[in-house]
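Below is one structure; the comments refer to it alone.
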Amino acid sequence: MISKFANKSFFLRLGSGICLIALILGTIIPGGCILLAASLLVSIIGVFELYRVLGIEKRSLGFTGYLFTLLYYLAIYFNYDVIFPLFVLFLICLLAQYVFTFPSFKTQDVSNAFMGMIYAGVLLSFIYVLRIMPDGQYFVWLIFLSSWGSDTCAYVAGVAFGKHKMAPVLSPKKSIEGAVGGVIGAAALGAIYGAVFSEKISLPVKPAIAFAVICALGALVSMVGDLAASAIKRDHEIKDYSNLIPGHGGIMDRFDSVIYVAPIIWMLLGLVQEFVS
């Protein structure tokens with residue numbers, strides 16, 4: 001059994017994973033400007049990876065996307081009120097480039113530029129947005145329990161019980177049994193986490209219950225995020241978005257589920273705080 005895993009590829013992936021976790025801990029725990037800068041950098045790289053797949057990473061539409069990713073992060077740091085006008089201005093700038101350089105770009109290039117910035121840039125920023133909430137130093141870890149935690153539980157359940165394919169075209173190795181195990185595992189992790197830190201968290205319901213439900217829902221969403229990233233890769237016939245993280249691929253490969261889960265966790269916590277009493 002040991003020899004099965006004792007190979008260069010395994011240790012490369014393990015080493016990269018350890019370094020990645022260390023970087024995550026080193027930025028999320030202190031939070032503030034450190035996390036903001038790290039999130040911005042990761043978002044820019046993610047947007048670049050996605051734009052490269054879509055063929056606009058070095059074109060003017062791509063550079064407009066990078067610029068507005070930066071402006072968006074400045075907005076969430078200084079003034080949330082300008083975010084909606086910023087998105088409108090972003091679309092106007094993309095359409096202006098489309099018009100004044102016609103026929104250099106196709107309609108789908110404009111759509112891809114807008115979607116790529118929202119998908120890889122904005123959604124990922126919710127790690128920072130969640131971290132700066134009251135009790136955010138505890139809430140932010142729900143993102144990773146729902147995504148990476150459920151992924152690990154799904155893998156174990158899939159290996160042990162997997163028989164029925166969940167998405168045979170996009171991801172042949174994923175099974176319905178694994179998905180169920182991932183949801184149950186994420187709920188259990190959330191319940192344990194909530195119980196451990198219950199006295200430090202202010203919620204209108206018991207944190208163990210709230211976190212179990214939130215992580216279960218987050219796990220379901222994380223699977224969609226994983227499959228969405230896989231669908232884009234299949235659509236463009238690539239294996240990984242990049243080789244930035246040895247053994248893991250690129251930012252979009254490693255954070256595919258995190259990107260999807262982060263805003264959902266933020267919304268679910270908002271609903272709990274707003275409507276549950």
_Suppose we screen for side chain to side chain contact (heavy atoms under 4.5 Å, CB included). Which residues come up paired with Leu91, at least two apart in sequence or across chains?_
Leu95, Phe114
*asked:* For a quick test of reading the model, state the closest non-hydrogen atom pair linking Leu50 to Gly116 and the distance between them.
replied: CD2-CA, 3.5 Å
_Using side-chain heavy atoms (C-beta onward) and a distance below 4.5 Å, is Leu130 in contact with Leu142?_
no
_Could you measure the distance from the CG atom of Leu54 to the CZ atom of Arg59? Nearest 0.5 Å is fine._
12.0 Å
*Indicate the atoms forming the closest heavy-atom contact of Glu57 with Tyr66, along with that distance.*
O-OH, 2.7 Å
*How far apart are the closest heavy atoms of Tyr72 and Ser125, and which atoms are they?*
OH-OG, 2.7 Å
*side chain to side chain donor-acceptor pair (under 3.5 Å) partners of Arg254, counting only residues at least two apart*: His248
*asked:* With heavy-atom distances below 4.5 Å as the criterion, would you say the side chains of Val213 and Leu217 are in contact?
replied: yes
*Would a 4.5 Å heavy-atom cut-off, applied to side chains only, mark Ile118 and Phe87 as touching?*
yes
*Could you tell me whether the side chain of Arg131 and the main chain of Ile29 form a donor-acceptor pair under 3.5 Å?*
yes
*Shortest non-hydrogen separation from Gly225 to Tyr260 and the atoms involved*: CA-CG, 3.3 Å
*Just grab all the side chain to side chain donor-acceptor pair (under 3.5 Å) pairs involving residues 201-228, residues at least two apart or on different chains.*
Ser150-Ser222, Lys174-Asp226
*Would you mind reporting whether Tyr80 and Val129 have side-chain heavy atoms less than 4.5 Å apart?*
yes
*State which residues pass side chain to side chain contact (heavy atoms under 4.5 Å, CB included) with Asp240; sequence neighbours excluded, sorted by chain then number.*
Lys233, Asp253
*asked:* Would you say Leu89 ends up clustered with Ile76 if hydrophobic residues are merged whenever their side chains have heavy atoms under 4.5 Å apart, either directly or through other cluster members?
replied: yes
*Is any side-chain heavy atom of Ile265 closer than 4.5 Å to a side-chain heavy atom of Phe139?*
no
*What ring pair (Phe, Tyr, Trp, His ring centres under 6.0 Å) pairs are there with at least one residue in residues 214-241, not counting sequence neighbours?*
none
*Which pairs pass side chain to side chain donor-acceptor pair (under 3.5 Å) with one or both residues in residues 27-51, sequence neighbours excluded?*
Ser43-Tyr73, Glu49-Ser242
*Do Phe90 and Leu86 come close enough that some side-chain heavy atom pair is under 4.5 Å?*
no
*Side chain to side chain, Leu67 and Phe63, heavy atoms closer than 4.5 Å*: no
*Calculate, to the nearest 0.5 Å, the distance between atoms CD1 and CG belonging to Ile44 and Leu124 respectively.*
11.0 Å
*Point-to-point distance, once rounded to the nearest 0.5 Å, from CD1 of Ile28 to CZ of Phe144*: 3.5 Å
Report all side-chain donor-acceptor pairs from residues 175-183 shorter than 3.5 Å, counting only partners two or more places apart or in another chain.
unit_1	atom_1	unit_2	atom_2	d
Ser175	OG	Gly178	N	2.9
Glu177	OE1	Lys163	N	3.1
Glu177	OE1	His164	N	3.1
Glu177	OE2	His164	ND1	2.5

*asked:* Holding to side chain to side chain donor-acceptor pair (under 3.5 Å), I want the full list of residues that pass it with Tyr193, two or more places apart in sequence or in another chain.
replied: none
*asked:* Using only atom types and a distance under 3.5 Å, with no angle test, would you say the side chain of Trp266 pairs donor to acceptor with the backbone of Ala262?
replied: no
*asked:* According to side chain to side chain donor-acceptor pair (under 3.5 Å), does anything in residues 86-102 pair up with another residue at least two apart or in another chain? List the pairs.
replied: Ser60-Gln97, Thr64-Gln97, Tyr98-Thr107
_Any heavy-atom pair between the side chains of Arg52 and Met252 that's under 4.5 Å?_
no
_Residue list, side chain to side chain contact (heavy atoms under 4.5 Å, CB included) with Ala210, at least two apart or on another chain_ = Leu203, Val205
_side chain to side chain contact (heavy atoms under 4.5 Å, CB included) partners for Lys106, two or more places apart_ = Gln108, Asp109
*Phe105, Phe100: one ILVMFWY side-chain cluster at the under-4.5 Å cut-off?*
no
*Value rounded to 0.5 Å, distance of CG in Leu74 from CD1 in Ile83*: 11.0 Å
*At their closest point, which heavy atom of Phe211 faces which heavy atom of Gly190, and how far apart are they?*
CB-O, 3.2 Å
*When rounded to the nearest 0.5 angstrom, what is the spacing between OG in Ser257 and CG in Asp151?*
6.0 Å
*Spacing of Tyr77 atom OH and Leu40 atom CG [to the nearest 0.5 Å]*: 13.0 Å
*Just grab all the side chain to side chain donor-acceptor pair (under 3.5 Å) pairs involving residues 179-192, residues at least two apart or on different chains.*
none
